[in-house]
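Heads up, the thing below is written out as structure tokens.
Lettering of chains follows the sequences in order, A, B, ..., and the numbering in each one begins at 1.
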Amino acid sequence: MSTERYNAREAEPRWQKIWDERGIFRTRNDDPRPKYYVLEMFPYPSGRIHIGHGRNYVMGDVVARFKRMKGFNVLHPMGWDAFGLPAENAAIERNTHPGKWTYENIATMREQLKLLGLSLDWSREIATCDPEYYGEQQRIFLEFLKGGFVYRRESEVNWDPVDNTVLANEQVIDGRGWRSGALVERRKLAQWFFRITALAQELLDGLDTLDRWPDKVRLMQRNWIGRSEGLHVRFALENAAPELPREVKVYTTRPDTLFGASFLALSPGHPLTEALAANDPALAAFVEECRRGGTSTAEIETQEKMGYDTGLKVAHPLGGPHLPVYVANFVLMEYGTGAIFGCPAHDQRDLDFARKYGLPVTPVVLPPGADPAEFEIGDVAYDGEGTLYHSGFLDGLSIPDAKEAVAAKLEKQILGNDAVGERAVNFRLRDWGISRQRYWGCPIPIIHCESCGPVPVPEDQLPVRLPDDVSFDAPGNPLDRHPTWKHVNCPQCGGPARRETDTMDTFVDSSWYFARFASEPGTAPLQRGAADHWLPVDQYIGGIEHAILHLLYSRFFIRALKKLGRVSLEEPFAGLFTQGMIVHETYKDPEGRWLFPEEVEKREDGTPVKAGTSEPVTIGAPEKMSKSKKNVVPPEIVADTFGVDCARWFMLADTPPERDSEWTSAGIEGAWRFVQRIWRLVGDTAALTPADIARPESFGPESIALRRATHKLAAQVADDVERLRFNVAVARVHAFANVFGDVLIAARKAGNVPADLAFALREAARFLVAVVAPMVPHLAEECGTLLGGTGLVAEAAWPLVEPDLLVDDTVTLPIQINGKRRGEITVPKDAAPADVEKAVLELDLVAQALDGRAPKRIIVVPQRIVNVVA
RNA sequence: GCGGGUGUGGCGGAACCGGUAGACGCGGCGGACUCAAAAUCCGUUUCUGGUGACAGAGUGUCGGUUCGAGUCCGACCACCCGCACCA
């Protein structure tokens, strides 16, 4: 009998060292086994990790270790999303260099991650701030430029006045910068864009192929891309000054409501608006007022519709009355044509506008069953289905038929030289602005020349490296202020020119790193052969917060790279899993200061106090672990007390992986007990049975029962892990330990252990160790040694399941009488329903219930249930 | 406003296709071992009534389909998430 406790603190570093020395997690591209690529979203090196960061890495590690045991050549790499604003902020605050700060953080966090015992191939580690990495990214940028996926234009940008940078639309949350929280302003700048909209339809269609993605994420992307089908309609301007355009084009998804139109509205940013405003100070002032309007959620919701009557009129293309042309604050320049026709009766925004400016409200869609003489629009527009009326040739048609009829008619109608109407598809998706006025990012490899314009940096001059000697003592972009860096000669004409001083959005860095990992260390960063071999990532794991941006950008990148011949695939991530966060209680002292969990202790009566004092502590609701609220647990503390296997076990247990999980001391103690329990079960088995026991000819009932449980365990846990149902896998291991423990105790009491049972016990221990190995790998190695194994458990195969042992000979069926469970019956597994029925009717409890009458009906569901209807 | 999700004991949560609701863990209670404690082990733990075998109720609410509903359908309530003046 083993009496010693499992000493995780001693064993864990020892096994980590052995794994490392033998290089067993190093992956080779020429390995003949089938490939499996598992990847967790790489971290930003912000400083230190806490246990809350560990959950997705542990989940990925379970998958990686499991797949290795199942015979796959597994790629499981790690890297660093290393460019970004915090490094610059740290540089400003601490008077250091962003690179130094970043690489120091990487060193710290690498050691912390290693503490978790992750089976990572560290030889493939990358940081996106390595010149080799961003040099390849510059090459990709130039290929995108050549291939038409990059362009430059003047654009109104979201300007973050605190971080002094441009933000993507996606980085503006409630009108504030996603990092600084500052209210975003609008400015016009020349910006570089990735033409993601060129692939909008493909990116939408591709979602249908991603059957191992969560539906939620696919839906979010679908909505983000936002496809709509409608009609472009050109309206002739009646009374415009000669220098103005002759027409206005609008986009509508409701051409059926054209007879209900009562006005046209232009966006404040529309070219016609600008042209009019040049000679109309009042309009110019109105446009200015619209600009000032905030973009925050609350403001948009409460913002009143504002309009300015330009005095212009347009003709109705279907012969209705002429319509006034307004400029309106609610019309977006970025969507459609920046101009709309307003149909107040059937669009809430138009209705609000019409009521405010006294415009007609003419319903043209009659709800089913409504009386045309009575139906009126009050404060709510009607956007349901119905039948067209008040609409000339459309009267009586359904909405879809009316849409079609209008489109067909206007396609043939001519205004000037073109058709009045043209069917059009619109997307909500906008092109991706990637220019950032920041130092710590990938330089955009362009040189601006007075005479040649923007010129690509020649291939042999890549990478364009960031200068090291920069200062952060003034606001703005250090690259722009650098005395020499930007001054170069034009590669085309040789004349004086200046470098592009903008750097790329860091989302560019993370849009292809998974392809970089495919290349062996020391080889070119993006190789078609290697990328095609390893990609797509078989299982990608990360937070739901990246459901749109990172994942959509990466999908765009791979598709663009394919079109440029750099890779052969279309979708980078075949399987996606979004894991929940780890949350923890928060603690505050009487002054309202946050306390770390280790600063809090419980008195005997259960009240929490500040450690070593009698100051009361307020316990707050569990929240996402964060440094600012101090509700963090550093991995070192866990490693030094319970061991990281306990942390791993706890992170996998109880809560489904996609939900948030609360870290508690009770939970980690429970994990500790179970780790010790496995250790004891294995140790007791090793003491009770000989290591070299041969498989006996036959097994007694007790041994068969144990073996059935053993083999079912291996089969079911394999299935659970494949489906990432770690909490269920953990529960099964617990249940098995209960069965195993009972048999073990009985065997020990009996004194002598027959050979067949000894074999079954050994087998149970071996299986148990293998099954938990992906989850608690250090303990598994230690147990492996205990059982007299010579090789590493980390390199062992998943146990071979004997299919005969998965099915039982008999089944116990519940007996229901009138749908209520009244008893049960045990029958042979493949008993005929008629025989089961007969056996059931012979039972006393059934006879009693029937009380001499014949049953109305008996339903026998083989292997499930018997229901007697009395 | 639009779209999506969730709701099961004191708690985290199981329950594949409609077939024994509450697996497994946490916590609680009782016990064994111990001089005592820790550790470990055993029993018990949905609620109500009953000493008990047992009976009744029970998966947010109301209704429906079915021999049978946590699971399917309809309406509603609560909470969570995403998008948000996208014409």
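When Watson-Crick and G-U wobble pairs are counted only if both distances are under 3.5 Å, B:G1 pairs with B:C83. When Watson-Crick and G-U wobble pairs are counted only if both distances are under 3.5 Å, B:C76 pairs with B:G60. Applying the Watson-Crick and G-U wobble criteria (two distances, each under 3.5 Å), B:A55 pairs with B:U48. Base pairing annotation: B:A69 forms no Watson-Crick or G-U wobble pair, as no partner gives both donor-acceptor distances under 3.5 Å. Summarising the base pairing, B:G43 is matched to B:C29 through a Watson-Crick or G-U wobble pair whose two defining distances lie under 3.5 Å.
Using a 4.0 Å heavy-atom cutoff across all strands shown, A:K820 reaches sugar-phosphate atoms only and no base atom. Among the atoms of the strands shown, none is found under 4.0 Å from any heavy atom of A:D352. Contact annotation for A:R822: backbone-only contact, meaning every heavy-atom pair under 4.0 Å involves sugar-phosphate atoms and none involves a base. Among the atoms of the strands shown, base atoms are found under 4.0 Å from some heavy atom of A:V331.
Taking only side-chain atoms of A:K216, from C-beta outward, the nucleotide of B:C81, B:G27, B:C85 with the closest atom is B:C81. Counting only heavy atoms from C-beta on, A:R680 has its side chain closest to B:U40 among B:A87, B:U40, B:C83. Here the nucleotide nearest the side chain of A:T253, chosen from B:G4, B:A87, B:C41, is B:A87. Closest approach to the A:R5 side chain among B:A84, B:A39, B:G4 is made by B:A39 (side chain taken as heavy atoms from C-beta onward).
The CG-C1' distance, from A:D660 to B:G13, rounds to 15 Å in whole Å. Atoms NE2 (A:H232) and P (B:A87) sit 12 Å apart, rounded to a whole Å. Distance, A:F674 CZ to B:C41 C1': 15 Å, rounded to whole Å. The CD1-P distance, from A:I544 to B:C83, rounds to 10 Å in whole Å. Nucleotide B:G12 holds its P atom 19 Å from the CH2 atom of A:W663, rounded to whole Å. The interatomic distance linking A:W224 (CH2) with B:G3 (P) rounds to 19 Å, in whole Å. Rounded to an integer number of Å, the gap from A:R227 CZ to B:C2 P is 23 Å. Separating the CD1 atom of A:I745 from the P atom of B:C41 is a distance of 8 Å, rounded to the nearest angstrom.
Side-chain contact check for A:L845 versus A:I817: some heavy-atom pair is nearer than 4.5 Å.
One C1' atom belongs to B:G4, the other to B:G58, and the distance between them is 30 Å to the nearest Å. If you take atom P in B:U44 and the same atom in B:G22, they sit 14 Å apart, rounded to whole Å. Comparing the C1' positions of B:C81 and B:A75 gives a spacing of 24 Å, expressed to the nearest Å. With both ends at atom C1', the span from B:G7 to B:A21 equals 16 Å, rounded to whole Å. Nucleotides B:G25 and B:G43 are separated by 11 Å at their P atoms, to the nearest Å. Nucleotides B:C73 and B:U66, compared at atom P, are 16 Å apart to the nearest Å. For the P atoms, the distance from B:G10 to B:U59 is 13 Å, rounded to whole Å. B:U8 and B:U61 are spaced 10 Å apart, taking the P atom of each and rounding to whole Å.
Classified by interplanar angle (parallel below 30°, tilted 30° to 60°, perpendicular above 60°), the ring pair A:F235/A:H316 is perpendicular. Relative orientation of the A:Y251 and A:Y335 rings is perpendicular, given thresholds of 30° and 60° on the angle between their planes. The aromatic rings of A:W672 and A:F642 sit perpendicular to each other, their planes meeting at more than 60°, with 30° as the lower class boundary.
Between A:N738 and B:G25 there is a side-chain polar atom (N or O) within less than 4.0 angstrom of OP1 or OP2. For B:G3, the OP1/OP2 oxygens have no side-chain nitrogen or oxygen of A:R222 closer than 4.0 Å. Contact check, A:R254 against B:A87: no side-chain N or O comes under 4.0 Å of OP1 or OP2. OP1 or OP2 of B:C41 sits under 4.0 Å from a side-chain N or O of A:R677.
Side-chain contact annotation: A:Q348 with A:D352, donor-acceptor N/O pair under 3.5 Å present. The closest side-chain donor-acceptor pair between A:R5 and A:Q676, if any, does not fall under 3.5 angstrom. Looking at A:N426 and A:S228, their side chains never bring a donor and an acceptor atom within 3.5 Å of each other.
Nucleotides of RNA chain B nearest to A:V869 and A:A666 differ in position, and the one nearer the 5' end is that of A:A666. Between A:G226 and A:M220, the one whose closest nucleotide on RNA chain B sits nearer the 5' end is A:M220.
Contact of A:K305 with B:C85 (side chain to base): a donor-acceptor pair of N or O atoms is detected under 3.5 Å.
In textbook terms, a nucleotide whose glycosidic angle is within 90° of 0 is syn, and B:C17 is one such case. Here B:G9 is in the syn range [glycosidic angle within 90° of 0].
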Nucleotides 14-21 of chain B: protein proximity per nucleotide (B base, S sugar-phosphate only, - neither; heavy atom, under 4.0 Å): SSBB-BB-
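The shortest heavy-atom contact between A:M306 and A:C290 is CE-SG, 4.1 Å.
No donor-acceptor pair closer than 3.5 Å links the side chain of A:D645 to the backbone N or O of A:V675.
For residues 656-667 of chain A, the set of pairs meeting the salt bridge (charged side-chain N to carboxylate O under 4.0 Å, His left out) definition, not counting sequence neighbours, is empty.
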Trace of the ring-ring contact (aromatic ring centres under 6.0 Å, His included) decision for A:F263 with A:Y357: CA-CA 10 Å; A:F263 64 95; A:Y357 293 99; 8.8 Å; no
